[in-house]
Structures are given as structure tokens and as C-alpha cells.
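Each chain gets a letter, A, B and so on, in the order its sequence line appears, and its residues count up from 1.
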Amino acid sequence: MNKPVSNKQAEAIASALLDWYASHARTLPWRAPPGRQPDPYHVWLSEIMLQQTTVATVRRRFDDFIRRWPNVRALAAAPLEEVMAAWAGLGYYARARNLHKCAQVVAGELGGRFPDTPQALQELPGIGPYTAGAIAAIAFGHPAVAMDTNAERVIARLFAVEEPLPDAKPRLRALAEALLRPHVPGDFAQALMDLGAMICTARKPACGSCPLRASCAAHAGRLAEVLPRRARKAARPTRVGDAFFITRVDSHVLLRRRPARGMLGGMVEFPSSGWDGQPAPFDDDTPFGLAFEQLASEVRHTFTHFHLCLKLHHLAEPLGERQAAALALPRGWFWHPVGDMDTVGLPTLMRKASTFLREHAP
DNA sequence: AATCCGTGGTA
DNA sequence: TTACCAAGGAT
């Protein structure tokens with residue numbers, strides 16, 4: 001059990017944190033210059049992208065979205081398929097579907113303006129407790145904490161919270177709320193993130209450079225390296241599946257869009273079996289009854305909760321145009337130029353597979 | 001409440 | 001190679 005935070009202690013910690021932030025804040029594309037309010041659309045888009053995704057990755061992709069869709073109305077007006085393609089490679093594709101849905105709600109029902117309270121924000125698709133707090137605090141100056149893994153790590157160490165995550169979440173949030181300075185909630189939220197990203201890192205924290213080390217219980221107890229504790233994660237099994245390159249003599253390949261829900265939901269793929277290693281539709285009856293040859297190379301890819309070994313198959317002879325036209329393509333299947341695979345917006349697993357297509361395409 | 005959902009970097 | 005980790009949310 002942790003002692004409650006005194007006002008004096010909270011003030012000392014918060015002021016040290018905010019002082020440090022004033023001179024060490026990271027400059028990021030979605031942040032406003034000092035003294036200016038950021039665009040809520042930029043804050044929202046960046047926060048969705050940053051969910052479980054590194055700043056380095058989002059840095060490379062954020063500007064593309066802003067250039068292409070400069071405001072929430074533009075994004076709402078875009079076809080979902082284009083948004084999914086633009087999101088390709090970022091992972092957690094439900095984020096892209098919810099991003100588009102959220103844009104439509106904001107642009108439509110809300111007149112193009114984002115709500116400014118955590119409660120209202122959390123009603124929107126893809127916005128949970130963290131993101132709601134972050135947008136409310138950063139974009140609107142609403143007194144809310146943004147409890148991401150950075151904030152949780154910093155707070156857990158500061159107060160030497162031994163309870164493992166995720167059970168400790170409510171306790172950590174309460175401690176953060178006790179430190180929150182209501183006059184600068186946006187700075188407070190971003191200061192915790194920047195400290196967690198640059199000083200109070202998950203591995204090898206730089207306690208010697210930390211503005212909070214005088215107040216840090218973990219530092220005093222030499223516990224910084226081992227906190228926060230986490231429940232152990234389950235081991236990842238390996239699954240197998242099959243993917244098929246169905247090519248046409250004029251250098252087109254057959255692709256299809258996956259169902260909206262589930263793994264890689266809504267994304268484009270090469271026609272594939274299921275991935276459970278069980279006899280799938282294509283294992284005993286290949287697509288359209290065509291004869292395939294298996295490639296020597298396999299694609300290995302790791303998802304959140306399993307490894308996948310994808311076996312690749314190709315036609316010995318590409319289909320003639322007349323043959324191809326005779327195929328009854330199910331809904332969502334389409335021919336695509338082999339030379340244009342980069343613009344389809346393939347998820348990474350299929351992008352890896354596509355590198356082997358070149359060797360077997362006409 | 002426990003599980004599902006991507007990807008890239010790092011030790 | 002494996003395991004862990006990163007500005008989490010939905011069901």
C-alpha cells in the first residue's frame with residue numbers, strides 16, 4: 001500500500017517536472033509551438049497513430065496523412081479503402097476503421113468540432129480512457145490525466161508501486177491525478193510522456209539526469225530497473241497457412257479484401273487459407289481448382305499473439321486472359337498490376353509475401 | 001475480465 | 001532466436 005500524496009509533495013514533484021519540460025520538451029510534428037494551441041485534429045490523429053506505436057514510426061507517417069487529409073472533414077469524405085491503404089504497415093487496423101468512423105461522426109453529427117471533455121471524447125470510436133484524457137488535456141486544456149505506459153511507468157517508480165500492471169492501473173491513475181496541475185494539464189501530460197520516453201525509460205532509466213530523482217521512491221530503493229512489474233504474458237504458438245499467387249499473362253495478380261473484422265480486418269491480401277494449421281478451404285481444394293506449385297521460400301511473421309509461417313504457392317503457367325475472364329470472382333476479389341504492388345496498401349505480412357511474387361510473375 | 005488485435009526496434 | 005516493449009481500445 002502506498003501513502004497518500006501530500007499537497008506539498010505533489011507541488012514539488014509537479015513543479016520539478018514542468019520546469020524540466022520547459023527546457024527539454026521534444027519538438028514533434030503534431031505539437032504546437034510553445035504558447036500556442038495545437039489543432040485538435042492533429043492531436044487526435046497523432047494520438048490514434050501513437051497507440052501501441054513508436055514515435056519514430058508515427059513521425060514517418062503523420063505528415064502524409066495531414067497533407068492528404070488536412071482536416072477532419074476531408075478525412076471523413078475519403079473512401080474507407082483509401083484510408084486503410086494509407087494506414088497499411090502501421091498495424092492494428094481496427095484503428096484505421098475507427099479513425100474513419102470517428103471522423104465521420106465528428107464531421108457529421110458534431111459539426112466538425114471535437115468534443116473537449118474526456119467523457120464526450122470517449123464516446124467516439126477508437127478513443128479510450130488514455131486517448132480521451134490526452135486530447136482533452138493537450139488540445140483543450142481540460143484538467144485530465146493521460147495514462148499511457150509512459151505515465152504509468154513514471155508514476156509506478158515515483159511512488160514505488162509494487163502491484164503489477166494491469167491491476168495497478170486505478171492506483172496509478174489516482175496518484176497521477178493527485179499530481180496534476182490544473183492550470184497546465186496539456187504540459188503536464190506531455191511532460192510525463194517525454195520524461196518516460198527520454199529519462200524514465202523502460203530499460204536503463206537515466207536516473208542521474210532525472211529531475212524527479214530526489215522525490216523518487218524507486219530510485220531511493222534501487223527499484224527503478226524492476227518497476228513497474230507486469231503480469232507475465234502467454235507464450236506465442238506458431239500457426240501455418242497458405243497463400244496463392246494467381247497471375248495473369250498480362251502481369252496482373254489476383255487480390256482480395258479480407259472481412260472487416262478479425263485479423264488484418266479490411267486489408268488486402270493474396271487469396272489465402274485460414275491460419276490455424278487446420279485443413280482450410282484451400283488446403284484440399286485450391287482456389288478455382290487450379291494447379292499450384294509451392295515455392296521453396298516461406299514467409300515468417302509474428303503477430304501480437306502468434307507466429308505465422310505462410311507457405312506460398314504459384315501457378316506454373318499464368319492464366320490467359322480468356323481463362324482469367326472465365327473465373328467467377330467472389331465479391332471483394334480483384335485483379336491488380338504486379339508492377340504496382342506498393343500502392344495497394346498491403347499489410348506487412350502480405351508485403352513480405354509480395355517480394356516473392358516478382359520471381360514468379362510474368 | 002480475459003482475449004484479440006500489427007509492427008519494428010532492441011537486448 | 002526469443003522476449004519484451006511502445007502515446008491502447010474493443011469486445
- Lys/Arg-Asp/Glu bridge criterion (N-O < 4.0 Å) met for A:Arg256, A:Glu269: yes

- Considering heavy-atom distances to DNA chain C, does A:Val55 or A:Gly126 have its closest nucleotide positioned more toward the 5' end? A:Val55

- Checking only heavy atoms, does the side chain of A:Thr53 share a donor-acceptor pair with the base of B:dG6 at less than 3.5 Å? yes

- Give A:Ile48 one of three labels, base, sugar-phosphate or nothing, depending on what nucleic acid heavy atoms sit under 4.0 Å from its own. nothing

- Find the distance A:Trp44:CH2 to C:dA7:C1' and express it as a whole number of Å. 16 Å

- Atom pair distance, as rounded to whole Å: CZ in A:Arg153 and P in C:dC5: 10 Å

- Which of B:dT7, B:dT10, C:dA7 is nearest the side chain of A:Arg203? It is B:dT10

- With heavy atoms under 4.0 Å as the rule, sort A:Trp30 into base, sugar-phosphate or nothing. base

- Given B:dG6, C:dG9, C:dA7, the nucleotide with the shortest approach to the side chain of A:Thr304: B:dG6

- Of A:Met147 and A:Ala234, whose nearest nucleotide on DNA chain C comes first from the 5' end? A:Ala234

- Message: Check this for me, if you would: do A:Glu321 and A:Arg248 make a salt bridge, where the nitrogen-to-carboxylate-oxygen distance has to be below 4.0 angstrom?
- Response: no

- Task: Would you tell me if any nitrogen or oxygen in the side chain of A:Arg61 comes within less than 4.0 Å of OP1 or OP2 on B:dG8?
- Result: no

- Message: Using ring centroids (six-membered ring only for Trp), state whether A:Phe303 and A:His301 fall under 6.0 Å.
- Response: yes

- Message: Strictly below 4.0 Å: does A:Gln52 bring a side-chain N or O up to OP1 or OP2 of C:dG8?
- Response: yes

- Measure the OG1-CD distance between A:Thr201 and A:Glu225 for me, rounded to the nearest 0.5 Å. 8.0 Å

- Message: Can you check the distance between B:dG6 and C:dC4, where both ends of the measurement are the C1' atom (answer in whole Å)?
- Response: 15 Å

- Task: Provide the distance between the two P atoms, one in C:dA7 and one in B:dA11, to the nearest whole Å.
- Result: 15 Å

- Value in whole Å for how far the C1' atom of C:dA3 lies from NE2 of A:His307: 9 Å

- Task: Using whole Å, report how far CZ of A:Arg261 lies from C1' of B:dC5.
- Result: 13 Å

- Under 4.0 angstrom, heavy atoms only, what part of the nucleic acid is A:Leu192 near: base, sugar-phosphate, or nothing? nothing

- In whole angstrom, give the distance that lies between atom CZ of A:Phe303 and atom P of B:dT3. 20 Å

- Task: Can you tell me the distance, in whole Å, between the CZ atom of A:Arg59 and the C1' atom of C:dA6?
- Result: 15 Å

- Heavy atoms only: give me the nearest A:Arg351-A:Leu346 pair and the separation to one decimal. N-CB, 4.0 Å

- Item | d(CG, A:Leu124; P, C:dG8) in whole Å | 19 Å

- Message: Check the phosphate of B:dC5 against A:His305, side-chain N and O only, distance under 4.0 Å to OP1 or OP2. Yes or no?
- Response: yes

- Scan A:Gly196 against the nucleic acid and name what it touches under 4.0 Å (heavy atoms): base, sugar-phosphate only, or nothing. nothing

- Message: What's A:Thr131 touching, base or sugar-phosphate or nothing? Going by heavy atoms closer than 4.0 Å.
- Response: sugar-phosphate

- Message: Nearest to the A:Thr348 side chain among B:dG8, C:dA7, B:dG6, which nucleotide is it?
- Response: B:dG8

- Query: Side chain of A:Arg230: nearest nucleotide among C:dC5, B:dT7, C:dA10?
  - Reply: C:dC5

- Item | Proximal nucleotide (of C:dG9, C:dA7, C:dT11) relative to the A:Arg31 side chain | C:dA7

- Query: Looking for any heavy atom pair under 4.0 Å, which part of the strands does A:Ala94 touch: base, sugar-phosphate only, or nothing?
  - Reply: nothing

- Message: Side chain of A:Arg26, heavy atoms from C-beta onward: which of C:dC4, C:dG9, C:dA7 has the nearest atom to it?
- Response: C:dA7

- Evaluate the ring planes of A:Phe114 and A:Trp44, with Trp represented by its six-membered ring, and classify them as parallel (under 30°), tilted (30 to 60°) or perpendicular (over 60°). tilted

- Please state whether the phosphate of B:dT7, meaning OP1 or OP2, lies under 4.0 angstrom from any side-chain nitrogen or oxygen of A:His301. yes

- Note on the structure: Taken to the nearest whole Å, CG/A:Leu310 to P/B:dT7 is 12 Å

- Task: Please determine if A:Glu152 and A:Arg173 form a salt bridge, counting it only when a charged side-chain N lies under 4.0 Å from a carboxylate O.
- Result: no

- Note on the structure: Considering only heavy side-chain atoms of A:Met263, the closest of C:dA6, B:dC5, C:dA7 is B:dC5

- Note on the structure: Against the side chain of A:Thr149, the closest entry in C:dA7, C:dC5, C:dA10 is C:dA7

- If you find the nucleotide of DNA chain B closest to A:Pro347 and the one closest to A:Lys204, which residue's nucleotide is nearer the 5' end? A:Pro347

- Query: What nucleotide, of C:dA6, B:dG6, C:dT11, holds the atom closest to the side chain of A:Tyr92?
  - Reply: B:dG6

